[in-house]
2 protein chains.
Amino acid sequence: MGVLARKEREKLELRNQILEAATELFLKEGFDKTSIRSIAEKIEYSPATIYLYFKDKNEIFRAIHDKGFDMFFAKLSESQKIENPYMRLRRMGDLYLEFAFEHREFYDLMFVMRAPIEARNENGNIDWVCGMRSFKLLQDTIVECMEKGYMRKMDLDVAAVTISSLMHGMASLYIRERLVMYDQNILPYLFRDAMDNLMQVFKANPMTSSFTEN
Amino acid sequence: MGVLARKEREKLELRNQILEAATELFLKEGFDKTSIRSIAEKIEYSPATIYLYFKDKNEIFRAIHDKGFDMFFAKLSESQKIENPYMRLRRMGDLYLEFAFEHREFYDLMFVMRAPIEARNENGNIDWVCGMRSFKLLQDTIVECMEKGYMRKMDLDVAAVTISSLMHGMASLYIRERLVMYDQNILPYLFRDAMDNLMQVFKANPMTSSFTEN
DNA sequence: AAATTTACTGAACAGTGTTTATAAAAACAA
DNA sequence: TTGTTTTTATAAACACTGTTCAGTAAATTT
């Protein structure tokens with residue numbers, strides 16, 4: 001049955017064409033200007049055709065959102081070559097911000113925009129896998145830090161949420177232009193110091209632990 | 001010239017009517033469903049009339065955004081009765097999250113949405129006053145903490161950005177549904193611990209300062 | 001009473017996401 | 001090679017959206 005296989009392939013190919021066109025438009029023109037009609041024109045199909053491959057506009061951006069998380073995971077994984085988990089965690093912070101700065105639109109779609117979230121809600125099950133892969137990387141690193149004594153023992157969820165929140169806060173305040181009172185060129189330095197500061201919260205300091213523990 | 005005064009008053013009154021209707025719709029139906037036509041219908045005027053009082057839809061939401069910042073400032077100011085600046089700073093954190101949880105739509109408009117920001121960009125000058133008032137409250141409290149020895153001396157901008165980013169990160173990840181992997185009921189407790197942790201970064205601990213200073 | 005200013009609106013423009021009936025093409029069966 | 005069925009694509013329409021502008025009616029001034 002080579003016919004079915006070919007059809008399957010063709011079907012997937014057009015789906016990818018739609019996704020590529022949508023991504024290109026999204027990165028160049030933004031979400032609002034990436035209309036179903038503009039995508040259709042780019043791939044030289046009728047707008048209605050797109051609805052044979054995606055349920056709605058949100059589902060298209062849900063797919064782009066997923067690809068963004070793949071890129072994000074790859075970026076964060078660059079830290080894995082670092083042996084020391086505490087240094088690795090610190091490096092993940094830099095990589096996080098590098099991703100946010102280099103791929104603002106993707107970051108925005110993944111962590112801020114409503115569209116990709118609304119797509120899965122109608123699906124029924126809230127499949128949260130793609131983002132979870134990166135979050136698990138963070139969790140595992142924290143656990144390793146605590147196990148190997150680089151970090152004082154504390155609730156994993158609290159540590160993970162604290163770190164994620166600081167990172168996302170900086171990235172999203174910048175991307176959504178809520179830090180315009182600062183010279184945009186010094187922001188990376190401010191963010192760096194903020195990360196360094198936070199790292200100290202978690203640091204296990206044997207010499208002072210008896211004083212700071214309570 | 002009582003006539004002119006009355007006309008001025010009437011002009012302002014309709015402007016407020018538009019704003020009230022828009023706010024009500026915004027809180028009930030969200031940004032997208034608050035159309036110019038729906039606002040017009042609510043106040044029983046033609047859609048075109050709205051454009052005699054506001055340049056565009058963004059300008060309407062820019063005004064609502066400003067009112068939100070007034071509420072926000074009032075909320076944060078509740079902390080001012082606390083004498084100790086370190087305790088006051090900690091209280092401001094709680095009040096920040098209370099505001100975000102109680103007025104999600106306002107918070108979203110003020111700190112996440114693009115619409116109100118785009119409004120001022122066309123104005124020319126980026127009048128950043130409304131949000132700055134609250135930010136200054138934070139800065140002043142930090143300065144007071146450092147001056148009175150409750151907080152170790154460090155760069156004010158770094159401290160302010162660190163605190164703002166953590167707060168906004170928690171609030172916006174929650175509001176934009178990026179923390180759905182957690183039981184939503186425990187989030188307030190996680191956030192509380194995250195704030196307590198961060199406070200420790202800044203804490204001036206005389207007994208251990210000689211060890212931690214470099 | 002006439003002229004002018006101010007306030008308002010109907011209608012249109014150019015777009016949006018989405019659905020549906022219809023047509024064409026491809027695959028399968030006799 | 002027919003005829004039938006399934007798959008794939010689309011034109012056209014629906015119900016919206018923000019925004020503009022010519023034209024009208026009312027209020028104010030001369």
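Below, chains carry the letters A, B, ... as their sequence lines are ordered, and counting in each starts from 1.
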key: Rounded distance in Å - OH (B:Tyr53) to P (C:dA7)   = 6 Å
key: Gap separating the CG atom of B:Leu14 from the CG atom of B:Leu19, nearest 0.5 angstrom   = 11.0 Å
ask   = Ring centres of B:Tyr107 and B:Tyr96 under 6.0 Å apart?
value = yes
remark   = From CG of B:Leu52 across to C1' of C:dA7 the rounded distance in Å is 7 Å
task = Report yes if at least one side-chain N or O of B:Tyr45 is closer than 4.0 Å to OP1 or OP2 of C:dC8; otherwise report no.
result = yes
key: Exercise: do A:Ser35 and A:Ser38 side chains pair donor with acceptor under 3.5 Å   = yes
inquiry  = Rounded to whole Å, please give me the gap between CD1 in B:Ile50 and P in C:dT9.
reply    = 10 Å
task = Can you tell me the distance, in whole Å, between the CZ atom of A:Phe31 and the C1' atom of C:dT16?
result = 11 Å
message = Nearest whole Å is fine: how far is C:dA7 C1' from B:Tyr51 OH?
response = 18 Å
message = Could you tell me how far apart A:Glu118 (CD) and C:dG17 (P) are, to the nearest whole angstrom?
response = 14 Å
query = If you check every side-chain atom of A:Lys57, which of C:dG10, D:dA9, C:dG17 has the closest atom?
reply = C:dG17
inquiry  = Side chain of B:Ser35 only, heavy atoms from C-beta on: which candidate in D:dT17, C:dT9, D:dA9 is closest?
reply    = D:dT17
task = Remember a base hit wins even if backbone is also touched, and classify A:Ser38 as base, sugar-phosphate or nothing at under 4.0 Å, heavy atoms.
result = nothing
query = Expressed in angstrom and rounded to an integer, what is the separation of A:Leu12 atom CG from D:dT8 atom C1'?
reply = 15 Å
key: Side-chain donor or acceptor of A:Glu59 paired with backbone N/O of A:Lys55 under 3.5 Å   = yes
request  = To the nearest 0.5 Å, tell me how far B:Asp157 CG sits from A:Tyr182 OH.
outcome  = 4.0 Å
ask   = Starting at the 5' end of DNA chain D, which residue's closest nucleotide do you reach first, A:Arg37 or A:Ser46?
value = A:Ser46
ask   = Which is true for B:Ile60 with a 4.0 Å heavy-atom rule: it touches a base, it touches only sugar-phosphate, or it touches nothing?
value = nothing
Length of the line joining B:Glu44:CD and C:dT9:P, which is rounded to integer Å = 11 Å
ask   = Which nucleotide, C:dT9, D:dG18, D:dA9, lies nearest any side-chain atom of B:Ile36?
value = D:dG18
